[in-house]
Structure formats: structure tokens, C-alpha cells
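Remember, it's a predicted structure, so these values are computed and weren't measured experimentally.
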Amino acid sequence: MTMKKLPFYLPFVLFFLYSCKKSNSGGGTPPTPYYLSSAVALSPQQRIVDSFHYDTLNRIDTFTQSIYDTTSGSPMFNTWMVQFAYQGADTRPSWYNYYDQPLGGYGDYHLLSYDTDDRIAKDTSLSGSGYVTYFSYPNNNIAATTFYEGTPDNNLIDTLYVGSGNIDREAVYFSDIPGQPDVQEANVHFTDASTANPAYHAAISNSIGPLLFNLTFNGNGDFVDFISKNAFNGAAGINYTLSTDSKGRLAKMAASVGGTSGTIVFTYY
């Protein structure tokens, strides 16, 4: 599992990147009784599809992300998948298999560790690459520190500032030059919406929510927030229009950046 450069410098991908981190008040939002099937982000030159599959105990069994991209002028496609394994009826997965086509048709097994509050604490690759992510929770915030080859030379620090159970701000640092101090790549504030976050479920979010967040962040775009209780309606000076379906569930988010528009469409089981 190797580092994938984050798309901070692509203006419209920035919209999708930020749309996964939701800041919310979250005080009176009831738990979501439904489960997210897919989230599809659409822009003129890109389509990103996140797909979710659950087992009979409503635990995430498989997460898949597919990316269709023509921003380089030529169509490009990639898909990667994470499949979780559980021990008995435990709500926390013990390990997962990360599969990505560039790996050459084989998976990368990862061992997961938890703290005394059943929150994800460590994600360790068993492939020998050195990849490891440490999760900590200073002042009830969430910090994920990833070493892609096991050393600080190639690392990323992603800190999520959480208030009332929702992400209010995100600060991201990573190493541009080996041996040099990390550089801040993002410092984003978010505003609230009263609509429930379609990916939030306490049993999932409170244990492996930060892990899922980190996995998609290090993929080719992330726009699903596995941590916050509510959806959001603003980030980095961008206002979002939220639409709900006949059951009151978030169905679509829409925004415009620099004259380019895009949407994120949610479907459910």
C-alpha cells in the first residue's frame, strides 16, 4: 500500500475532497435507520463511485471505490477494494484485505488494533512495506499519522477537530521533501446542516470511522464522512445545496466552484 498524491491542487477535485469532511452541530439528529449503498460524485471530467456492502449484522463487509477520470486528456480508470474480517459477533473487524489493481492482482493484508474504548488505534500492513497508521484522540479530536514506508520520510498527518460529535475543521500535513519538516496542505473549516449524515452509524463510526476516513483520504478522492452525525452545507467558502428524498434522507449535494458544477448522489439499501 503506497502513498497516493492527494489532489489538493485540482480546483474542482478540491470540492469533492472537502465534501467528505462534514462539520455539524449534530445535537438533535436521530440515528440513521438505513444503510448507505453508494455515493457517486460527478463532475465534468470525473466520476467517483463509493460502494458499501454489509453483512447480516449490519457491519461493513466490503468497501469499493471506482474512479473514472479524463482530467489528463485521456480516459483513466482504477478501482480498489477493502474487505473486512470479523471474529464472531464482534462489531470491530480484526483485519482487512486491501486490493488495488496496480498491486498486480494480489491483496495487502492489514492487522487492526483498538484502544480500551474500542476505537481504532493502529492499522498495520503485513506485506512488509512498512505501512502503518497510528490513530490518537487528543481532547476528543482525531489524529491519524500514516508512515507509508514505516519512516517519517514519507508520512501524512491528518487531524480532525470534532465538536458535538461532528467534524468542524481538518488540518493536513505531509512530507513534500524527504528529511524536511512536513508542510501544511489543508486547513479547512466546515459549516452545519440539519440533515443526517447518510454514512453515520454509531457502531461503525465510533470504532472504525477514522480508519474508513483515512483509507478514502489516501485513495483517489474522498467525499463520504464516516464520523459526523450530520451532513454539511459549506466548506472553504463554498456553499452546498442539499436535497432529500421522500423519506427525508440526503439524496444529493450540489455546488459550483469557479464556474464548474458538480453533484454527489446518495442511494440506500
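Using a cut-off of 4.0 Å between Lys/Arg side-chain N and Asp/Glu carboxylate O, Asp245 and Lys247 are scored as not salt-bridged.
When hydrophobic residues (I, L, V, M, F, W, Y) are linked wherever their side-chain heavy atoms come within less than 4.5 Å, the members clustered with Leu126 are Trp95, Tyr109, Leu111.
No side-chain N or O of Ser207 forms a donor-acceptor pair with one of Asp118 less than 3.5 Å apart. Asp69 and Asn78 are not linked by any side-chain donor-acceptor pair at a separation below 3.5 angstrom, with hydrogens and angles left out of the test. Side chains of Thr133 and Thr146: a donor-acceptor N/O pair is present below 3.5 angstrom, by distance only. Side-chain contact check for Asn233 and Asn239: no donor-acceptor pair (N or O, by modelled atom type) lies under 3.5 Å. Residues Ser125 and Asp108 bring a donor and an acceptor atom of their side chains to less than 3.5 Å of each other.
Summarising the geometry of Ser66 relative to Thr79, their closest heavy-atom pair is OG-OG1, 3.0 Å, with the distance given to 0.1 Å. Closest approach of Ile120 and Phe135 over heavy atoms only: O-CB, 3.3 Å. Residues Tyr54 and Leu36 share a closest heavy-atom pair of OH-O, 2.8 Å. Taking both residues in full, the closest heavy atoms of Ala231 and Leu242 are given as CB-CD2, 3.8 Å, listed atom of the first, atom of the second, then distance. Taking each heavy atom of Ser205 and Ala199 in turn, the nearest pair found is OG-O, 4.0 Å. Scanning both residues, Ser228 and Tyr200, for their nearest heavy atoms gives O-CB, 3.2 Å.
There is a path of hydrophobic side-chain contacts, each under 4.5 Å, that joins Tyr34 to Phe266. Clustering ILVMFWY residues whenever any of their side-chain heavy atoms sit less than 4.5 angstrom apart, transitively, puts Tyr131 in a cluster other than the one holding Ile157. In the hydrophobic cluster analysis, where Ile, Leu, Val, Met, Phe, Trp and Tyr join through side-chain heavy atoms closer than 4.5 angstrom, Phe52 is grouped together with Ile67. Neither Phe226 nor Leu57 shares a network with the other; the hydrophobic side chains, linked directly or stepwise wherever heavy atoms of I, L, V, M, F, W or Y lie under 4.5 Å apart, form separate groups for each. Placement of Ile48 and Ile238 within a single hydrophobic cluster is found when ILVMFWY residues are connected by side-chain heavy-atom separations under 4.5 Å, directly or transitively.
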Inset, instruction - List the steps and the verdict of side chain to side chain contact (heavy atoms under 4.5 Å, CB included) for Met81 and Thr62. - result: CA-CA 7 Å; Met81 179 179 71; Thr62 306; 3.4 Å; yes

Inset, instruction - Evaluate the side chain to side chain contact (heavy atoms under 4.5 Å, CB included) criterion for residues Ile142 and Val162: first the C-alpha distance (whole Å), next the side-chain angles of each, then the deciding distance (0.1 Å), finally the verdict. - result: CA-CA 7 Å; Ile142 302 170; Val162 180; 4.2 Å; yes

Inset, instruction - Tell me, with the steps shown, if Glu185 and Phe174 meet side chain to side chain contact (heavy atoms under 4.5 Å, CB included). - result: CA-CA 7 Å; Glu185 297 292 343; Phe174 70 78; 3.2 Å; yes

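The backbone N or O of Ser129 lies less than 3.5 Å from no partner atom in the side chain of Tyr148, so there is not a single donor-acceptor pair. A donor-acceptor distance shorter than 3.5 angstrom exists from the side chain of Tyr268 to the backbone of Leu250, with no hydrogens or angles considered. With Thr70 contributing its side chain and Gln45 its backbone, the two residues share a donor-acceptor pair below 3.5 Å. Judged by distance alone, with hydrogens and angles left aside, the side-chain atoms of Asn97 form no donor-acceptor pair with the main-chain N or O of Gln83 at under 3.5 Å. Here the side chain of Asp168 pairs a donor or acceptor atom with the backbone of Gly163 at under 3.5 angstrom. At distances below 3.5 Å, not a single donor-acceptor pair connects side-chain atoms of Asp153 with backbone N or O atoms of Thr151. Between the side chain of Asp61 and the main chain of His53, no donor-acceptor pair closer than 3.5 Å is present. Between the Asp182 side chain and the Asn155 main chain, no donor and acceptor come within less than 3.5 Å of each other. Side chain of Asn230 to main chain of Ala193: a donor-acceptor pair is present (N/O by atom type, distance under 3.5 Å, no hydrogens or angles).
No more than 12 heavy atoms of other residues, nucleotides or ligands shown are found within 6.0 angstrom of CD on Gln87. Around CG of Asn140, the count of heavy atoms belonging to other residues, nucleotides or ligands within 6.0 Å does not exceed 12.
Taking the six-membered ring wherever Trp is involved, the centroid distance between the rings of Tyr96 and Phe84 falls below 6.0 Å. Ring-centre distance between Tyr240 and Phe232: below the 6.0 Å cut-off.
Interatomic distance, NZ of Lys122 versus OG of Ser136, reported as 13.5 Å (0.5 Å rounding).
Relative to the six-membered ring of Tyr86, Arg59 meets both conditions, a distance below 6.0 Å and an angle of at most 45° to the axis. Annotation: cation-pi geometry not satisfied between Arg119 and Tyr114 (NZ/CZ under 6.0 angstrom from ring centroid, within 45° of ring axis).
Looking at Phe213, Tyr99, Trp80, Tyr98 one by one, the single match for ring-ring contact (aromatic ring centres under 6.0 Å, His included) with Phe63 turns out to be Trp80.
Note on ring orientation: taking the six-membered ring where Trp is involved, the planes of Tyr35 and His201 are parallel (angle under 30°, cut-offs 30° and 60°).
For Thr267, the side-chain hydrogen bond (donor to acceptor under 3.5 Å, both in side chains) partners at least two apart in sequence or on another chain are Ser38.
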